[in-house]
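Order of listing sets the numbers, starting from 1, for every ligand and every atom in it. Index from 1, following the sequence.
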Amino acid sequence: LKTEVAAARARIQAAASIAIFSHIRPDGDAVGSLLGLGLALASQGKQVAMVLADGLPSRFRFLPGSDAIRTRAGAADLTVAVDCSTRERLGLPPNGPGGVDLNIDHHISNTRFGAIDLIDPEATATAEMLFALAGPLGLTVDTQVATCLLTGLVTDTIGFRTSNVTPRVLRMAAELMELGAPLSEVYDRGLNRRPLHAARYWGCGLARLEREDGLVWACLTAEDRARTGYPGLDDADLINVISALDEAELAVVLVEQPAGMVKVSWRSRGPLDVSRLAREFGGGGHEPAAGAMIEGTLEGVTSAVLAASRRLIQGAPGKTP
Ligand code: 5GP
Ligand code: MN
């Protein structure tokens with residue numbers, strides 16, 4: 001990894017303009033890593049474009065620099081992807097920038113699509129990697145950068161609750177606080193607060209909660225969104241409610257999408273590797289948390305996903321659908 005870091009540093013030093021991208025349906029680590037790296041590079045005098053194809057989710061508007069995020073970028077000397085496991089996850093238009101020069105990510109499913117790949121599946125968040133890489137890459141972490149990176153750390157660990165959290169990660173969070181990052185605000189904005197619509201939308205899914213042994217699942221429909229006024233196309237974090245249930249060895253949420261697609265989220269407790277399951281369906285993620293966007297009707301995708309999920313629980317090797 002050392003040679004990659006040195007190469008990355010040289011590429012950054014040589015670039016006057018840098019475009020940074022993160023993934024579609026951005027979460028706190030996508031936004032925090034994008035902004036943290038972007039602000040650190042901007043304060044070095046680089047001309048920085050920060051790009052989220054789906055735009056900034058409103059809950060992250062409190063983050064410094066978030067006003068500057070755009071949905072596309074022009075040409076740049078250096079193209080960087082953060083927190084993206086595949087090139088497709090960038091959501092770039094076909095005529096967008098060709099190659100990704102620098103790929104910084106912590107997903108075990110990363111396809112190594114960069115010219116330089118900095119991948120650490122043991123990191124709890126891409127933001128954690130960026131904090132560790134700041135020194136070696138010649139970047140300064142000021143209060144604004146620290147706030148963004150702490151947001152990535154707090155959200156990807158669901159408030160330091162995931163099993164990959166170590167004393168080292170907590171020390172990192174403490175260091176980010178010492179640099180001025182406001183933990184309670186980051187926690188509240190990043191994880192806790194949500195609009196009333198979201199709770200009503202959860203209610204639709206919870207009313208249809210199903211269970212079969214250790215498998216617990218729920219679906220959300222386009223009609224649920226219309227009825228409750230929930231503006232997003234996501235599950236409003238319902239998966240984190242369901243995966244907390246005692247019975248849920250494996251939790252699944254299926255969300256009907258426009259154009260005949262279904263977004264599926266998996267969470268496991270214990271030994272089940274749901275990233276494998278997600279990859280069977282063209283998605284990806286981490287062992288305990290993964291997702292996929294699957295073509296088909298809600299009924300059709302539900303039955304295929306449940307069949308594969310049962311196979312995983314029963315210990316049989318999954319088959320590609
Ligand atoms: P979620 O279920 O919250 O959408 O995602 C859980 C994890 O799986 C995240 O780490 C996310 O990056 C990954 N993930 C979710 N959807 C997809 C997808 O469509 N493709 C890939 N490669 N990863 C996904
Ligand atoms: Mn992440």
Side-chain angles (χ1 to χ4, degrees), residues 21-37 52-54 57 59-60 81-91 103-113 118-132 148-158 160 162 164-165 169 190-191 205 217-220 232-244 248 250-255 257 261-268 272-296 301 305 309:
F21 298 80
S22 194
H23 59 80
I24 51 172
R25 301 189 296 281
D27 58 15
D29 192 27
V31 178
S33 295
L34 178 76
L35 286 169
L37 180 60
L52 292 171
D54 287 345
R59 69 158 60 224
F60 298 116
V82 290
D83 201 43
C84 279
S85 52
T86 66
R87 196 186 178 284
E88 291 65 45
R89 295 267 292 158
L90 296 168
N103 170 20
I104 306 175
D105 184 36
H106 71 127
H107 291 89
I108 195 164
S109 56
N110 191 285
T111 56
R112 298 182 173 265
F113 55 89
L118 297 174
I119 313 300
D120 181 4
E122 278 174 16
T124 58
T126 300
E128 177 192 327
M129 292 179 65
L130 288 171
F131 190 39
C148 298
L149 296 183
L150 186 62
T151 299
L153 213 55
V154 164
T155 55
D156 256 25
T157 60
I158 328 173
F160 306 110
T162 53
N164 54 0
V165 172
V169 172
L191 287 173
W217 72 94
C219 59
L220 289 162
L233 291 171
D234 53 41
D235 70 342
D237 259 350
L238 179 63
I239 189 65
N240 287 326
V241 179
I242 290 179
S243 61
L250 178 55
V252 187
V253 167
L254 305 105
V255 187
Q257 302 288 307
M261 304 294 286
V262 178
K263 171 69 208 297
V264 179
S265 291
W266 287 272
R267 298 292 184 273
S268 82
L272 301 177
D273 176 3
V274 292
S275 75
R276 265 196 40 206
L277 202 46
R279 264 179 285 172
E280 279 183 43
F281 290 94
H286 312 279
E287 280 183 31
M293 186 66 92
I294 306 173
E295 199 178 334
V301 171
V305 162
S309 302

Side-chain contact test, heavy atoms from C-beta onward, threshold under 4.5 Å: evaluate it for [X] versus [Y] and give yes or no.
| X | Y | result |
| --- | --- | --- |
| Asp54 | Pro26 | yes |
| Trp266 | Val305 | yes |
| Arg276 | Glu287 | no |

Might you confirm whether atom CD1 of Ile108 has over 12 heavy atoms from other residues, nucleotides or ligands at distances under 6.0 Å?
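12 or below, so no.
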
Heavy atoms only: give me the nearest Arg267-Ser243 pair and the separation to one decimal.
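Here Arg267 and Ser243 meet closest at CB-CB, 3.6 Å.
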
Nearest heavy-atom neighbours spanning Arg112 and Ile119
NH2-CB, 3.7 Å

When rounded to the nearest 0.5 Å, the distance separating CZ of Phe131 from OG of Ser33 is 13.0 Å

Residues in contact with ligand 1, criterion: heavy atom under 4.0 Å:
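Answer by chain and number: Arg25, Ser85, Arg89, His107, Lys263, Ser265, Arg267, Gly283, Gly284, Gly285, His286, Ala289, Ala290, Gly291, Ala292, Met293.
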
Knowing that exactly one of Asp83, Thr124, Asp120 qualifies, which makes a side chain to side chain donor-acceptor pair (under 3.5 Å) with His106?
Asp83

Do any protein N, O or S atoms sit under 2.8 Å from the Mn ion (ligand 2), and which ones are they?
Asp29 OD2, Asp83 OD1, His106 NE2, Asp156 OD2

Can you spot which of Asp156, Asp29, Val169 makes a side chain to side chain contact (heavy atoms under 4.5 Å, CB included) with Glu128?
Val169

